[in-house]
**Student:** 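Before anything else, here's the structure in question.
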Amino acid sequence: MSPTAKDKDTVKAFWAKIAGKADDIGTDALSRMLVVYPQTKTYFSHWKDLSPGSAPVRKHGQTVMGGVADAVKKIDDVSAGLLSLSELHALTLRVDPANFKILSHNILVVLATMFPTDFTPEVHVSVDKFLAALSRALSEKYR
Amino acid sequence: MVEWTDFERATIADIFSKMKYEVVGPAALSRCLVVYPWTQRYFGNFGNLYNAAAIMGNPMVAKHGTTILHGLDRAVKNMDNIKSEYAELSVLHSEKLHVDPDNFRLLSDCLTIVVAGSLGKEFNGDVQAAFQKFLAVVVNSLGRQYH
């Protein structure tokens, strides 16, 4: 289920359209995740404010989307390109990999709300495959 | 029994009262067949499903999408008894149609995305949570009679 050459082109073209809104996408996806999947809040007990759009949520949304942007740039070898992020998630953060699927789903929902005409089924499948590859890359070093 | 808050009941009633079934149903099913192509296994007699354009333009897919979406009406009308509402349909999907119940989850994810696309900003986190909870209960009920 790895992204094909066509998937990669689709992702790069779509990313070009949405990159300007990356921060908003990150904030919204993270906000939604914390509301719709409350168990994810367990990773952020050190934040003062977990409400949608709060300062820590905005800041972290930016961080996450920065990682996604980087992955798009390195789309031809996501695993190699994200080696240090992979080690971070595996050894330091130790986020249960099931949560990558959850955040990916929320990113897709946000893309649907913000780009209803551009987020066609073909774009959806390519982005979904890309996010799955990204999640796999982040889980590489777990065990 | 599932506990529903007033907000959840109102949200579900609202979404479905404004629902354009003949648009959302076909969009959700065709998106599912494109994004999760293995789901096409159940539609061998639907004709041309060779690519996204064919799927999205396929009249049998459109008709079936509308049918499936109307199938949710029963749950909307009887949110306190979704499990018993779908007992028969669950048996049908298991014994006759032989559908892997994981497909219900895949379709409900696509439905969430289509509804998100049509409601835009209105589909905020609280609305999404209510909608996904509702679909999760339906999905669970449809899988319940499998053995």
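Every chain is numbered from 1 and lettered A, B, ... according to where its sequence line falls, protein lines coming before strand lines.
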**Student:** Between chain A and chain B, which N or O donor and acceptor atoms come closer than 3.5 Å?
**Tutor:**
unit_1    : atom_1 : unit_2    : atom_2 : d
Arg32(A)  : NH1    : Phe123(B) : O      : 2.7
Arg32(A)  : NH1    : Gln128(B) : OE1    : 2.8
Arg32(A)  : NH2    : Phe123(B) : O      : 2.7
Tyr37(A)  : OH     : Gln132(B) : NE2    : 2.7
His105(A) : NE2    : Gln132(B) : OE1    : 2.8
Asn106(A) : OD1    : Gln128(B) : NE2    : 3.0
Phe119(A) : O      : Arg31(B)  : NH1    : 3.2
Phe119(A) : O      : Arg31(B)  : NH2    : 2.8
His124(A) : ND1    : Arg31(B)  : NH1    : 2.9

**Student:** Indicate, with yes or no, if Leu111(B) and Val23(B) share a hydrophobic cluster defined by side-chain heavy-atom contacts under 4.5 Å among Ile, Leu, Val, Met, Phe, Trp and Tyr.
**Tutor:**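 No, Val23(B) does not connect to Leu111(B) through the hydrophobic network.
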
**Student:** With only heavy atoms counted, which part of Met114(A) is less than 4.5 Å from chain B, the side chain, the backbone, both or neither?
**Tutor:**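 Met114(A) has no heavy atom closer than 4.5 Å to chain B.
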
**Student:** Quick check: is Leu131(A) connected to Val72(A) through a chain of hydrophobic side chains (ILVMFWY, heavy atoms under 4.5 Å apart)?
**Tutor:**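 Same cluster: Val72(A) reaches Leu131(A) through Ile, Leu, Val, Met, Phe, Trp or Tyr contacts under 4.5 Å.
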
**Student:** Met1(A) and Val125(A): same hydrophobic cluster, using ILVMFWY side-chain contacts below 4.5 Å?
**Tutor:**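 Same hydrophobic cluster.
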
**Student:** Would you say Met1(B) ends up clustered with Leu135(B) if hydrophobic residues are merged whenever their side chains have heavy atoms under 4.5 Å apart, either directly or through other cluster members?
**Tutor:**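 In one cluster with Leu135(B): Met1(B), no.
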
**Student:** According to a 4.5 Å side-chain heavy-atom criterion applied to Ile, Leu, Val, Met, Phe, Trp and Tyr, with indirect links allowed, do Ile12(B) and Ile68(B) form part of one hydrophobic cluster?
**Tutor:**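 In one cluster with Ile12(B): Ile68(B), yes.
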
**Student:** Only counting residues at least two apart or in another chain, list the ones meeting side-chain hydrogen bond (donor to acceptor under 3.5 Å, both in side chains) with Lys74(A).
**Tutor:**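 Lys74(A): side-chain hydrogen bond (donor to acceptor under 3.5 Å, both in side chains) contacts with Asp70(A).
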
**Student:** So which atom in Gly117(B) and which in Pro116(A) form the shortest heavy-atom distance, rounded to 0.1 Å?
**Tutor:**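 In this case the closest contact between Gly117(B) and Pro116(A) is O-CB, 3.6 Å.
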
**Student:** Any idea which heavy atoms bring Leu108(A) and Ile113(B) closest together, and the distance?
**Tutor:**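 Reported closest heavy-atom pair: CB-CD1, 3.6 Å.
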
**Student:** What pairs of residues pass the ring-ring contact (aromatic ring centres under 6.0 Å, His included) test when at least one of them lies in residues 59-84 of chain A, not counting sequence neighbours?
**Tutor:**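 Passing the test, one end in residues 59-84 of chain A: Phe44(A)-His60(A), Trp47(A)-His60(A).
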
**Student:** For residues 77-89 of chain A, dump all side-chain donor-acceptor pairs below 3.5 Å to protein atoms at least two apart in sequence or in another chain.
**Tutor:**
unit_1   : atom_1 : unit_2    : atom_2 : d
Asp77(A) : OD1    : Ala80(A)  : N      : 3.3
Ser86(A) : OG     : Ala137(A) : O      : 3.0
His89(A) : ND1    : Leu85(A)  : O      : 2.8

**Student:** Could you pull out the closest heavy-atom pair between Ala129(B) and Val36(A), with the gap in Å?
**Tutor:**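 Closest approach of Ala129(B) to Val36(A): N-CG2, 3.8 Å.
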
